[in-house]
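One structure is given below, encoded as structure tokens.
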2 protein chains.
Amino acid sequence: MNHITVYDIAKEANVSVSTVSRVLNDTAPVKKSTKDKIMQIIDKYQFQPNALARSLLKKETGTIGMIMPDITNPFFPEVFLGAESEARIKGYTFFLCNTSGDSARESEYLSILSEKRVDGIIFMGGRINLARCKPELVKEVTDISSRIPVVLVNGQLPNSNIVRVSTDEAKGARLVTQHLIDLGHKDIGFIGGVDHMSTTIQKVKAFKSQLEDSGLVYQPDWVLHGSFSVRSGEELMKKMIEMKKRPTAIFCVNDFTAVGAIKAVSEHGMKIPDDFSIVGFDDTPLATSIIPEMTTVSQKSHELGKTAVQILTKLLNKEKVKRLTLLEPELMIRKSTGRLKN
Amino acid sequence: MNHITVYDIAKEANVSVSTVSRVLNDTAPVKKSTKDKIMQIIDKYQFQPNALARSLLKKETGTIGMIMPDITNPFFPEVFLGAESEARIKGYTFFLCNTSGDSARESEYLSILSEKRVDGIIFMGGRINLARCKPELVKEVTDISSRIPVVLVNGQLPNSNIVRVSTDEAKGARLVTQHLIDLGHKDIGFIGGVDHMSTTIQKVKAFKSQLEDSGLVYQPDWVLHGSFSVRSGEELMKKMIEMKKRPTAIFCVNDFTAVGAIKAVSEHGMKIPDDFSIVGFDDTPLATSIIPEMTTVSQKSHELGKTAVQILTKLLNKEKVKRLTLLEPELMIRKSTGRLKN
DNA sequence: GTGAAAGCGCTAACAC
DNA sequence: GTGTTAGCGCTTTCAC
């Protein structure tokens with residue numbers, strides 16, 4: 001039941017532990033014959049060196065902590081996948097911390113990750129998307145980032161110079177808005193999200209400015225907030241449908257809410273894109289799973305994760321990195337948007 | 001940049017490290033005044049004890065390794081969520097290992113988890129769902145399970161007595177089949193999955209026996225395998241539609257393939273459930289996100305994860321546990337199935 | 001090419 | 001109540 005150690009191996013091979021360590025790490029030449037003997041004993045006992053002991057000494061653990069708000073939202077698993085593909089070849093393993101966006105839980109995990117001496121932290125969601133984040137919460141992260149490299153994904157912390165990687169969400173929002181305008185829509189609404197979160201605010205702001213740049217009016221009544229869930233999209237869309245004067249196209253904060261919106265439209269016996277054009281955001285697998293396939297904005301989720309890890313490893317090698325790496329979003333035009341019918 | 005240690009704290013407080021350790025762990029009474037002084041210094045430096053050193057000594061790390069085949073399939077994040085909710089209160093953090101069902105990657109992660117001395121391993125997918133798993137691959141897991149508690153979720157390993165927790169997939173498949181029969185369907189097909197994986201085989205087997213128990217014929221031509229993806233469901237369903245004599249109801253291996261099937265039907269301009277009844281499996285959030293909302297089988301994903309952790313902690317406490325814990329599946333009847341029209 | 005010994009940061013006897 | 005000390009299992013000088 002108990003693990004064996006380098007001492008056990010050394011003893012059986014009649015060598016010292018340092019020699020065992022040398023063959024384990026190939027850190028100095030060892031005579032072929034002794035090396036073979038040691039190898040064979042290692043093999044015999046399926047010896048696995050204790051990574052804790054090694055890490056204690058080397059001050060690196062080969063682990064990365066990833067903090068995410070909602071593993072249930074397909075966007076985040078996609079980011080994870082991208083991150084993992086890059087991290088695995090570099091020898092890192094992930095602690096996955098799901099926070100539900102709850103800052104208490106974030107704090108808890110931050111502290112655990114720090115105690116476990118992860119080599120780096122990738123932070124998504126929660127406090128880094130708050131329009132105004134409490135100074136204590138900011139300080140918590142900046143404190144930790146003075147000891148452990150932290151990369152913020154799609155978010156930021158005021159008055160901090162923590163490294164960030166983001167997709168240009170404002171750009172994505174402009175792409176969406178212009179696409180709808182190009183299709184002839186003049187009455188465009190926005191649904192979903194939370195009005196104190198940056199992911200929502202940024203989009204609405206870009207949406208408004210793009211509208212006004214085209215000489216269209218931004219209609220605050222047509223901007224409905226709730227949350228990021230399918231249910232919320234469904235409810236908000238119902239409200240939209242029941243308005244006496246209503247928009248002909250809807251920009252949804254994410255794919256989840258867009259799915260909800262599409263459901264609502266269909267439940268009202270109307271057709272997409274004939275009666276409404278609907279656009280999502282994130283290009284999760286969901287977007288191509290439904291009918292009609294959804295026009296949405298790719299956030300390059302995979303690349304986002306991959307880039308975060310690349311930046312993290314640069315940080316670990318004390319290389320210079322940009323304060324902010326911005327990825328280009330891409331509009332994926334599919335079947336949920338169409339030319340305005342008169 | 002460098003972490004401080006108990007020695008630094010002890011020095012500044014003019015006490016010994018043991019006293020610091022005592023207040024840290026509340027493991028023996030310490031005079032109020034010294035305790036306060038130490039606490040204050042800990043606070044001042046935001047001291048975080050090094051979990052590696054502690055774990056090295058205590059032989060427990062407070063970590064669990066979770067191996068899953070596809071984080072992108074919503075079923076697995078749901079299991080994770082259930083597991084995490086239970087593990088978090090017990091003080092465990094997760095290493096998340098995504099394998100793509102690739103056994104080489106499983107081996108790699110198994111070895112990493114072992115080196116990192118996780119307290120337990122939850123294993124899903126890959127080799128534990130193979131109809132015939134190579135003996136080396138089995139041995140790898142049984143070897144590890146002699147040192148670290150392992151729980152298999154929805155799978156098994158031949159000739160091993162590793163603890164398992166599963167939903168009764170055969171029962172779920174019978175529920176589905178009977179539901180379709182009750183609706184008057186006599187011509188029922190099955191799509192998706194892989195014919196050398198237990199999750200598929202079990203379902204088909206139960207499907208067949210339930211059919212025959214009702215005096216209906218099992219039509220091998222109407223059992224089409226491929227994979228577990230939306231795309232696969234779509235392609236297989238197309239084939240099904242193009243058959244000259246085709247079934248009126250389809251049992252899909254999981255929600256993903258069911259979504260694909262629904263897409264295919266709709267692309268052919270047909271209606272669900274009027275032209276086809278479609279049933280999924282897993283009851284992922286996807287099932288209620290699409291139109292029509294999908295009839296499917298709940299695998300109690302959340303409970304599955306939670307139970308796995310409960311069993312793991314029992315194992316860690318040397319408590320007795322059942323070799324196999326079976327959860328009852330539940331048929332979720334929604335809008336994608338309907339009475340057969342003549 | 002190999003061994004002895006120190007030390008990573010912590011906890012837990014064992015003294016006092 | 002508190003200090004001293006011996007490890008946990010590994011890597012890494014520094015000798016030889």
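Chain identifiers are assigned alphabetically (A, B, ...) following the order of the sequence lines, protein sequences preceding nucleic acid strands; residue numbering begins at 1 within each chain.
- Residues A:Arg117 and A:Glu60 are not paired through a salt bridge, judged by the lack of any N-O separation under 4.0 Å between the basic side chain and the carboxylate.
- Distance B:Asn50 CG to D:dC8 P: 18 Å, rounded to the nearest Å.
- One finds a salt bridge joining A:Asp36 and A:Lys32 here, because a Lys/Arg side-chain nitrogen approaches an Asp/Glu carboxylate oxygen to under 4.0 Å.
- The base of D:dG9 lies outside donor-acceptor range of the side chain of B:Arg117, with no N or O pair under 3.5 Å.
- In terms of polar N and O atoms assigned as donor or acceptor, the side chain of A:Ser21 never comes within less than 3.5 Å of the base of D:dT12 in a complementary pairing.
- Rounded to whole Å, the distance from NZ on A:Lys59 to C1' on D:dT11 is 12 Å.
- Two residues, A:Thr5 and B:Ala28, neighbour DNA chain D, and the one matched to the more 5' nucleotide by heavy-atom proximity is B:Ala28.
- One atom, CD1 of A:Ile4, and another, P of D:dC8, lie 15 Å apart when rounded to the nearest Å.
- If you measure from atom CG of A:Leu52 to atom C1' of D:dT11, you get 15 Å, rounded to the nearest angstrom.
- Relative to the side chain of B:Val30, the nucleotides D:dT2, D:dT12, D:dG3 differ in distance, and D:dT2 lies closest.
- B:Glu86 contributes no side-chain N or O that, together with a main-chain N or O of B:Gln310, makes up a donor-acceptor pair within less than 3.5 Å.
- Here the C1' atom of nucleotide D:dT11 and the CD1 atom of A:Ile9 are 16 Å apart, to the nearest Å.
- In this structure, the CZ atom of B:Arg54 is 13 Å from the C1' atom of C:dA12, given to the nearest Å.
- A salt bridge between A:Glu108 and B:Arg88 is present, with a side-chain N of the basic residue lying under 4.0 Å from a carboxylate O of the acidic one.
- The nearest whole Å value for the distance from the CG atom in A:Leu57 to the P atom in C:dC10 is 14 Å.
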